[in-house]
Amino acid sequence: MIRALVVDDSSLVRRLLTEILEQADDIEVVGTAHDPYDAREKIKQLNPDVLTLDIEMPRMDGITFLRNLMRLRPMPVVMVSTLTAEGAQETIEALSLGAIDFVRKPRMDIAHGLESYAEEIVAKVRAAARAKISRSDQRAGKPRPQHPAAKISSSKVIAIGASTGGTIAIQQVLEEMPQTAPPILITQHMPPGFSAAFAQRLDGICEPSVCEARDGQRILPGHVYIAPGGEKHLELTRDGSRYSCRLRAGELVKRHRPSVEVLFDSMASVAGRHGIGVLLTGMGTDGAEALGRMRAAGAHTIAQDEASSVVWGMPGAAVKAGAAERVLPIGSIAGAIIQAASAASTSSGER
């Protein structure tokens with residue numbers, strides 16, 4: 001049984017989350033807490049496996065509590081966040097601190113809204129219970145490696161896909177990429193309203209410029225383009241020698257929109273051997289089959305290894321299918337990307 005502790009200042013939300021989670025045969029809500037101080041005592045008494053945590057609470061906000069928790073007693077946490085611009089920024093910060101995932105808390109009609117998310121809440125608590133957690137001070141930044149920018153190919157395009165645990169993994173990769181890196185397209189599973197905040201955060205800490213992708217936007221070296229969450233699929237297109245972003249509406253693919261599968265398939269058909277595909281931590285199988293099609297088209301393909309993945313679903317499926325040319329810990333992936341681009345540069349005579 002997964003032992004869950006629900007932390008929220010609203011008695012209604014505590015009751016609804018308890019009812020939703022206890023409908024699952026493998027989850028037991030061992031307690032609830034109305035603020036972080038109450039939660040601290042309940043954690044000591046009940047030793048839960050997973051915490052659901054609100055952000056706005058009295059006496060101490062959820063971000064401050066999470067920061068202390070991940071430093072002193074790291075454990076799987078699923079945030080329950082209101083879908084607002086401010087809430088998006090705070091939720092992205094929570095993910096950067098080590099929260100496994102988040103669920104949108106509706107602003108109105110909470111009872112009906114949370115019930116509509118019941119399947120998602122249960123799935124994310126289950127995934128969190130299986131996740132690998134590390135202390136926040138163990139994830140502290142290390143010196144950025146210096147990469148010889150002149151050797152990086154101008155013809156390469158990089159595509160990265162991720163889901164659960166992906167915000168931290170993507171940040172770790174991008175923090176090691178130089179400003180002269182090949183263009184990077186990213187599909188990270190997110191609902192509407194959160195990808196812009198994610199891009200803004202990354203843009204402030206990474207050397208390449210990071211933005212939320214726009215339809216028709218030209219793709220340039222030293223830039224990173226993140227798929228808008230929950231709205232449209234992100235694809236790579238080409239007009240002559242120019243690459244561009246394409247955003248298109250469509251059905252869910254592998255239960256997601258945007259889907260990593262769609263991005264990787266466009267990479268296979270448009271970039272071919274000039275592509276580099278990277279599949280990071282995530283629940284499910286999105287992107288695994290298309291990573292194989294990228295490899296068949298001549299692209300370099302990389303999957304995050306099990307030991308460093310929060311959830312080894314998507315990369316694990318790619319490895320089992322033979323789609324990954326290399327299987328690497330998260331700390332080695334940026335170097336492998338640059339090595340692949342540099343190798344292309346050397347073999348093609350670029351200097």
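Just so we're clear, the structure is a prediction, and the values are computed from it rather than from any experiment.
Listed here is the closest heavy atom pair of M177 and P208: O-CD, 3.5 Å. Considering all non-hydrogen atoms of both residues, L66 and A94 come closest at CD2-O, 3.4 Å. Between M1 and D25 the shortest heavy-atom distance is SD-O, 3.2 Å. Taking all atoms of both residues into account, the shortest heavy-atom contact from V122 to A24 is CG1-CB, 3.9 Å. Residues S96 and Q171 come closest through the heavy atom pair CB-OE1, 4.2 Å. Closest heavy-atom contact between C245 and R214: CB-O, 3.5 Å.
Formation of a donor-acceptor pair under 3.5 Å by the R242 side chain with backbone atoms of R218 is not found in this model. Listed for the T164 side chain is no donor-acceptor partner under 3.5 Å among the backbone atoms of G282. Under a 3.5 Å cut-off, the side chain of E261 and the backbone N or O of G287 do form a donor-acceptor pair. Side-chain atoms of Y225 come within 3.5 Å of backbone atoms of L220 as a donor-acceptor pair (strictly under, hydrogens ignored). Listed for the S332 side chain is no donor-acceptor partner under 3.5 Å among the backbone atoms of L328. No donor-acceptor distance shorter than 3.5 angstrom exists from the side chain of S259 to the backbone of H256, with no hydrogens or angles considered. Side-chain atoms of R295 come within 3.5 Å of backbone N or O of G322 as a donor-acceptor pair. With hydrogens and angles ignored, the 3.5 Å screen pairs a side-chain donor or acceptor of T237 with a backbone N or O of S244. With D54 contributing its side chain and D8 its backbone, the two residues share no donor-acceptor pair below 3.5 Å. Remark: the backbone N or O of A227 is not paired with any side-chain donor or acceptor of H233 at under 3.5 angstrom.
Ion pairing between a basic and an acidic side chain is recognised when a charged N comes within 4.0 Å of a carboxylate O; R255 and E119 show such pairing. Look at E231 and R257 and you find no salt bridge, because none of the NZ, NE, NH1 or NH2 atoms lies under 4.0 Å from a carboxylate O. A salt bridge does not link D215 with R246: every distance from a Lys NZ or Arg NE/NH1/NH2 to an Asp or Glu carboxylate oxygen is 4.0 Å or more. Under 4.0 Å is where a charged nitrogen must lie from a carboxylate oxygen, and between D101 and K124 at least one such pair does. A salt bridge does not link E93 with R201: none of the charged nitrogens is closer than 4.0 Å to a carboxylate oxygen.
The cluster map of Ile, Leu, Val, Met, Phe, Trp and Tyr, joined by side-chain heavy atoms under 4.5 Å apart, puts L236 and I276 in different clusters. V262 and M267 sit in two unconnected hydrophobic clusters of ILVMFWY residues. Membership requires side-chain heavy atoms under 4.5 Å apart, directly or through other members. In the hydrophobic clustering of ILVMFWY residues, with side-chain heavy atoms under 4.5 Å counting as a link, V210 and L263 come out apart. Both I2 and V80 belong to a common hydrophobic cluster when Ile, Leu, Val, Met, Phe, Trp and Tyr are linked at side-chain heavy-atom distances under 4.5 angstrom. Both V260 and M294 sit in one connected hydrophobic cluster of ILVMFWY residues. Membership requires side-chain heavy atoms under 4.5 Å apart, directly or through other members.
For the pairing with M75, the side chain to side chain contact (heavy atoms under 4.5 Å, CB included) check across D49, V50, I43 returns one residue only, I43.
Applying the side chain to side chain donor-acceptor pair (under 3.5 Å) criterion to Q179, with sequence neighbours excluded, gives no partner residue. By the side chain to side chain donor-acceptor pair (under 3.5 Å) test, R273 is found to be paired with no residue, residues two or more places apart in sequence or in another chain being considered. Scanning for ring-ring contact (aromatic ring centres under 6.0 Å, His included) contacts around F198 gives an empty result, with sequence neighbours left out. Scanning for salt bridge (charged side-chain N to carboxylate O under 4.0 Å, His left out) contacts around K232 gives an empty result, with sequence neighbours left out.
Distance CZ/R40 to CZ/R73: 13.5 Å, rounded to 0.5 Å. A distance of 12.0 Å separates OG of S209 from CG of L202, quoted to the nearest 0.5 Å. Summarising the geometry, atom OG1 belonging to T91 is positioned 6.5 Å from atom CE belonging to M79; distances are rounded to the nearest 0.5 Å. Atom CD1 of I333 is separated from atom CD of E176 by 10.0 Å, given to the nearest 0.5 angstrom. From R293, atom CZ reaches atom OG1 of T301 across 13.0 Å, with rounding to the nearest 0.5 Å. For the atom pair CD1 of I63 and CG of L53, the computed distance is 8.0 Å after rounding to the nearest 0.5 Å.
Taking 4.5 Å as the limit, some side-chain heavy atom of P315 sits within range of a side-chain heavy atom of S309. Here the side chains of D61 and I55 are not in contact, with every heavy-atom distance at 4.5 Å or above. Within the 4.5 Å cutoff, the side chain of V278 has no heavy atoms near those of the V173 side chain. Between T281 and M314, the closest side-chain pair of non-hydrogen atoms is not below 4.5 Å. Side-chain atoms of I168 and Q172, non-hydrogen and from C-beta on, do get closer than 4.5 Å to each other. Using a 4.5 Å cut-off on side-chain heavy atoms (C-beta onward), E19 and L16 make contact. Counting only heavy atoms from C-beta outward, the side chains of D305 and V319 never approach each other to under 4.5 Å. The shortest side-chain heavy-atom distance between F102 and V78 does not fall under the 4.5 Å cut-off.
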Validation: residues 28-36 side-chain donor-acceptor distances under 3.5 Å, sequence neighbours left out:
from: D35; atom 1: OD1; to: Y37; atom 2: N; distance (Å): 3.0
from: D35; atom 1: OD1; to: D38; atom 2: N; distance (Å): 2.8
from: D35; atom 1: OD2; to: R59; atom 2: NE; distance (Å): 3.0
from: D35; atom 1: OD2; to: R59; atom 2: NH2; distance (Å): 3.1

Using distance only, find each side-chain donor-acceptor pair of residues 184-192 under 3.5 Å and give its atom names and separation, not counting sequence neighbours.
from: Q188; atom 1: NE2; to: S163; atom 2: O; distance (Å): 3.0
from: H189; atom 1: ND1; to: S163; atom 2: OG; distance (Å): 2.9
from: H189; atom 1: NE2; to: D286; atom 2: OD2; distance (Å): 2.7

task: Apply side chain to side chain contact (heavy atoms under 4.5 Å, CB included) to the pair L279 and Q304, showing each step before the final yes or no.
output: CA-CA 6 Å; L279 195 53; Q304 186 175 352; over 6 Å; no
query: Yes or no on side chain to side chain contact (heavy atoms under 4.5 Å, CB included) for M283 and R126, after CA distance, side-chain angles and deciding distance?
result: CA-CA 10 Å; M283 183 169 56; R126 283 176 176 150; over 6 Å; no
- request: Would you please test E175 and I205 for side chain to side chain contact (heavy atoms under 4.5 Å, CB included) and show each step?
  value: CA-CA 7 Å; E175 281 183 319; I205 59 179; 4.0 Å; yes
task: Please step through side chain to side chain contact (heavy atoms under 4.5 Å, CB included) for the pair L97 and V77, ending with a clear verdict.
output: CA-CA 10 Å; L97 290 170; V77 176; over 6 Å; no
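Side-chain polar atoms of Y117 and R104 form a donor-acceptor pair below 3.5 angstrom.
The environment of CD in E212 is crowded: more than 12 heavy-atom neighbours from other residues, nucleotides or ligands sit within 6.0 Å.
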